Amino acid sequence: MDMLENLNPEQRLAVEHGEGPALVLAGAGSGKTRVIVHRIAYLILRGASRPENILAVTFTNKAAQEMRERIHRLLGPSRSAEPLISTFHAFCVRLLRREIHFLGYRQDFSIYDTDDQKRLMKQILEDSHREELSAREVLSRVSYAKNHNVTPEVYAHRFPSETAEEIAALYRTYDSRLRKANALDFDDLLLKTVELFTRYAARRDHYSNWFRYILVDEYQDTNRPQYELLRLLTARHRNVFVVGDEDQSIYKFRGADIRNILSFEKDFPGTRTIKLEQNYRSTQNILRVAGAVVEHNTARKGKTLWTENHAGDVITCHRASSARSEACWVVRRIQGSQLENPDWRTAVLYRANFLSRNFEDVLREEGIPYTVVGSVGFFSRMEVKDMLAYLRVIHNPEDDVALLRIVNTPPRGIGSSTVEALTRKALDEGIPISQALQAVACHPLTPARASRSLRRFHEMLDAWMALRDTATIAGLLERIVRDTEYQAMLEKQESLEEAENRMANIEELIRAAAESQAREETVFEFLDRASLSSELDQIDTNARVVLMTLHSAKGLEFDLVFLAGLEEGLFPHAQSLNSNEDLEEERRLCYVGITRARQKLFLSWTPFRRSYGADAGMPAFPSRFLDEMPGDLVEGLGESGPTYVRDEEEDYDRGQEDMETPFRQSRRSVIRRPSRQDAAAAEPAASRTAFRSGMRVRHAQFGDGIIMNRVRIGNDFKLTITFSRVGKKTLIERFAKLQAL
DNA sequence: GGACAAGGGATTTTT
DNA sequence: TCCCTTGTCC
Ligand SMILES: Nc1ncnc2c1ncn2[C@@H]1O[C@H](COP(=O)(O)OP(=O)(O)OP(=O)(O)O)[C@@H](O)[C@H]1O
């Protein structure tokens with residue numbers, strides 16, 4: 001089978017592994033993901049399994065999508081059935097939509113995302129007059145308890161503390177409110193599936209018999225329920241094949257348990273363990289630096305990693321005089337690199353999202369196209385969430401959180417005191433808020449105006465619900481926008497510009513709904529995708545320059561990588577300094593960052609980063625991870641130690657840093673004055689076929705038209721197009737699938 | 001009930 | 001610095 005020719009002997013061993021548990025334990029860039037892809041193709045081509053009996057689990061939806069495409073490429077087109085490739089969460093949702101009635105929920109359950117959870121917990125804190133606690137804190141404790149099979153009843157006993165009783169009470173309320181709302185949070189998606197399989201062996205056997213081969217990527221970041229799920233699903237056939245790297249476990253804060261991978265061989269006796277030691281991604285220098293850093297950790301098995309790639313450049317570390325100056329330094333190097341290697345893909349990686357600011361500013365000023373992961377994703381925009389909340393209420397009227405979100409959005413005379421009356425009534429009677437509308441409207445103490453508003457809202461809701469099974473989702477959404485005068489609200493609240501952007505997003509959502517139905521998906525499949533889609537799933541993989549957190553970068557690779565903000569207190573983060581366990585996780589994060597780089601790696605830091613815009617008292621020290629790197633492979637480490645004299649604002653046109661770099665001549669020719677056109681010209685590379693205003697284009701649905709205007713909004717471009725057939729429309733370029741004429 | 005201003009708190013990482 | 005919550009006034 002020639003497919004095996006592109007694999008080294010160890011990889012091939014893994015791909016050809018027969019039945020029974022297997023663990024591929026290997027360092028970064030050694031081809032773990034590649035092994036999964038090839039193994040799936042191999043199982044299918046060799047006839048070991050039909051495609052649909054294979055389940056592969058990835059960490060993100062994006063990774064799932066990519067894996068699907070890679071398998072297609074190996075297998076060639078036109079297969080009738082497909083393997084199921086999905087995240088754990090998406091897999092569970094799919095399954096629960098069919099099976100959850102066993103657990104007493106209705107199949108039209110809602111999914112509460114982090115924002116919904118917070119709203120619910122805030123509400124609970126208010127109701128129980130515990131407003132001194134932060135919803136976020138309580139939720140993280142509750143989540144931890146849930147994921148460790150600790151019920152509210154035993155919580156105080158298991159985790160004794162001053163607030164334990166309180167937390168336990170809140171936990172109990174939270175759970176019962178979720179259940180009453182016919183809603184599941186992200187944790188529940190996994191936990192309810194585990195519960196289903198535990199309580200109903202027949203259901204477990206059904207799925208276990210169906211999915212004969214189960215493969216898991218990034219196993220080092222699985223949590224306990226995911227582990228249990230895996231055990232339940234593979235108890236019979238034991239065909240569980242996982243790949244991972246204990247040095248890349250970076251999601252402890254989300255419940256990931258590194259012990260899953262460390263004790264896999266014990267958990268699944270008879271495991272065949274395969275190590276991959278050749279790295280295909282990075283230069284020798286990059287690999288050695290990465291290895292030197294992670295070697296300072298103790299909670300690891302240790303591994304060798306070598307490469308046939310060339311030594312590559314020495315890594316450069318730069319100490320900047322301010323965060324702004326750091327960004328200028330990085331951008332100047334990006335400009336140089338883009339002249340030298342126009343097709344290189346670049347990533348700027350940092351510890352926390354707020355650090356993207358300066359890089360965005362400078363990139364925009366220089367007119368360099370870029371995308372940011374972590375800016376507000378499409379489905380988390382306010383206007384989109386509003387619309388989704390309407391849909392959720394219509395399909396699951398018990399969804400109190402969604403109802404409270406929209407009950408007075410747009411403002412319709414149902415103010416805070418009326419809302420309070422509604423929640424009180426619902427709480428007292430143990431009914432959903434949608435059922436309290438009527439009662440509160442009729443209540444003698446409700447003011448006439450409020451009563452009228454409630455009746456009107458109730459009628460609208462009824463009307464929409466009557467349409468829910470006959471109208472299309474798109475039609476229903478259009479109707480909601482119209483009935484609620486949503487656009488008028490936007491125009492009143494914000495600039496016309498902003499209102500237009502938001503309406504364009506709503507129109508996009510409506511089109512997405514139409515496409516979803518054209519694919520014969522149910523409304524729930526549409527809503528589920530919205531709930532589970534993350535920003536990372538929406539990024540343009542072809543973008544030349546990507547800004548993102550180190551966490552988001554896991555699993556990706558870039559020719560050129562910048563690791564910015566390497567300061568004590570920031571990276572490693574201050575919160576991790578007093579626990580060795582947490583510190584080791586930070587170090588793994590650093591290892592992940594370094595090993596994203598194929599060709600070149602640059603490091604940077606500044607003693608003088610401002611926090612909250614103000615001067616941050618003491619200058620910062622360079623990150624300890626810099627000290628852990630071998631001095632002969634990294635230049636500029638000597639610039640260590642904070643200088644207490646601040647440089648003058650260092651202009652990027654005359655910085656005195658190494659002019660000896662190959663980027664030298666390129667620089668002068670590239671630096672220009674920032675201008676408006678430049679900013680507008682900054683566009684995702686995928687669309688570099690450059691749509692411009694004045695251009696004639698064709699749209700699948702609207703026909704031919706002329707682009708009147710094109711503006712950047714976040715990672716997207718908003719196009720105003722006049723179509724000859726349907727007139728003026730505002731579209732988002734990324735989704736519009738336009739064809740230039 | 002809603003518009004607007006002032007003030008305080010926020011930044012760790014996300015399916 | 002900025003955003004969101006809270007308080008004040010119509
Ligand atoms: N046998 C091989 N021959 C050529 N290239 C390979 C081979 N194996 C892997 N690669 C390449 O090495 C790079 C890393 O592979 P892959 O992403 O599968 O590694 P990984 O172990 O999953 O990495 P990470 O742990 O960093 O996510 C990819 O560009 C891949 O194409």
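A note on names: the letters A, B, ... follow the listed sequences, proteins ahead of strands, and every chain is numbered from 1. Hydrogens, waters and symmetry mates are skipped; everything else that's a heavy atom, side chains included, is used. What you see is a predicted model, and the numbers here were worked out from it, not measured in a lab.
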Select base, sugar-phosphate, or nothing to describe what [X] touches, counting heavy atoms under 4.0 Å on all strands.
X        : value
A:Phe571 : nothing
A:Arg588 : nothing
A:Phe88  : nothing
A:Asp113 : nothing
A:Ser416 : sugar-phosphate
A:Arg357 : sugar-phosphate
A:Asn408 : sugar-phosphate

Where the side chain of [X] is defined as all heavy atoms beyond and including C-beta, which of [options] is the nearest nucleotide?
X        : options               : value
A:Arg254 : C:dT5, B:dT14, C:dT1  : B:dT14
A:His89  : B:dT15, B:dG1, B:dT12 : B:dT15
A:Ala450 : B:dT11, C:dT5, B:dG1  : B:dG1
A:Arg351 : B:dT15, B:dT13, B:dG1 : B:dT13

Can you tell me the distance, in whole Å, between the [atom1] atom of [X] and the [atom2] atom of [N]?
X        : N      : atom1 : atom2 : value
A:Tyr591 : B:dT13 : OH    : P     : 24 Å
A:Asp188 : B:dT15 : CG    : C1'   : 14 Å
A:Glu581 : B:dT12 : CD    : P     : 19 Å
A:Lys252 : B:dT12 : NZ    : P     : 15 Å
A:Met548 : B:dT12 : CE    : P     : 21 Å
A:Glu585 : B:dT12 : CD    : C1'   : 11 Å
A:Glu498 : C:dC3  : CD    : P     : 11 Å
A:Tyr227 : B:dT15 : OH    : P     : 25 Å

Between [X] and [Y] (judged by ring centroids, cut-off 6.0 Å), do the two rings come close enough to count as a pair?
X        : Y        : result
A:Phe526 : A:Phe524 : no
A:Tyr251 : A:Phe59  : yes
A:Tyr207 : A:Phe91  : no

Q) Taking side chain as C-beta onward, heavy atoms only, is A:Lys252 less than 4.5 Å from A:Ile258? A)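 Answer no - side chains too far apart.
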**Q.** Side chain proximity check, A:Arg136 to A:Gln117, heavy atoms < 4.5 angstrom
**A.**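 The answer is no; the side chains never approach within 4.5 Å.
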Q.
Measuring only the C1' atom in each nucleotide, how far is B:dT13 from C:dC4? A whole number of Å is fine.
A.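 So the two C1' atoms sit 22 Å from each other.
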Q: Provide the distance between the two P atoms, one in C:dT6 and one in B:dT11, to the nearest whole Å.
A: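 Looking at atom P only, C:dT6 and B:dT11 are 15 Å apart.
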Is the shortest side-chain N/O distance from [X] to OP1 or OP2 of [N] below 4.0 Å?
X        : N      : result
A:Asn353 : B:dT13 : yes
A:Thr114 : B:dT15 : no
A:His573 : B:dT12 : yes
A:Ser552 : B:dT14 : yes
A:Thr60  : B:dT14 : no
A:Thr549 : B:dT14 : yes

Q) Can A:Phe253 be said to stack with the base of B:dT13, given centres closer than 5.5 angstrom and planes under 30 degrees apart? A)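 By the stated criterion, A:Phe253 and B:dT13 stack.
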(Q) Assuming nearest nucleotide by heavy-atom distance, tell me which of A:Gly415 and A:Thr87 is located more 5' along DNA chain B. (A)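 Its nearest nucleotide being more 5', the pick is A:Gly415.
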**Q.** 5'-most by nearest nucleotide on DNA chain B - A:Gln575 or A:Gln493
**A.**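 Its nucleotide being nearer the 5' end, the pick is A:Gln493.
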Q: Mind listing the closest non-hydrogen atom pair of A:Ser434 and A:His458 along with its distance?
A: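 That would be O-NE2, 4.4 Å.
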Q: May I ask you to check whether A:Glu218 and A:Gln220 show a side-chain donor-acceptor distance below 3.5 Å?
A: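 There is such a pair between these side chains.
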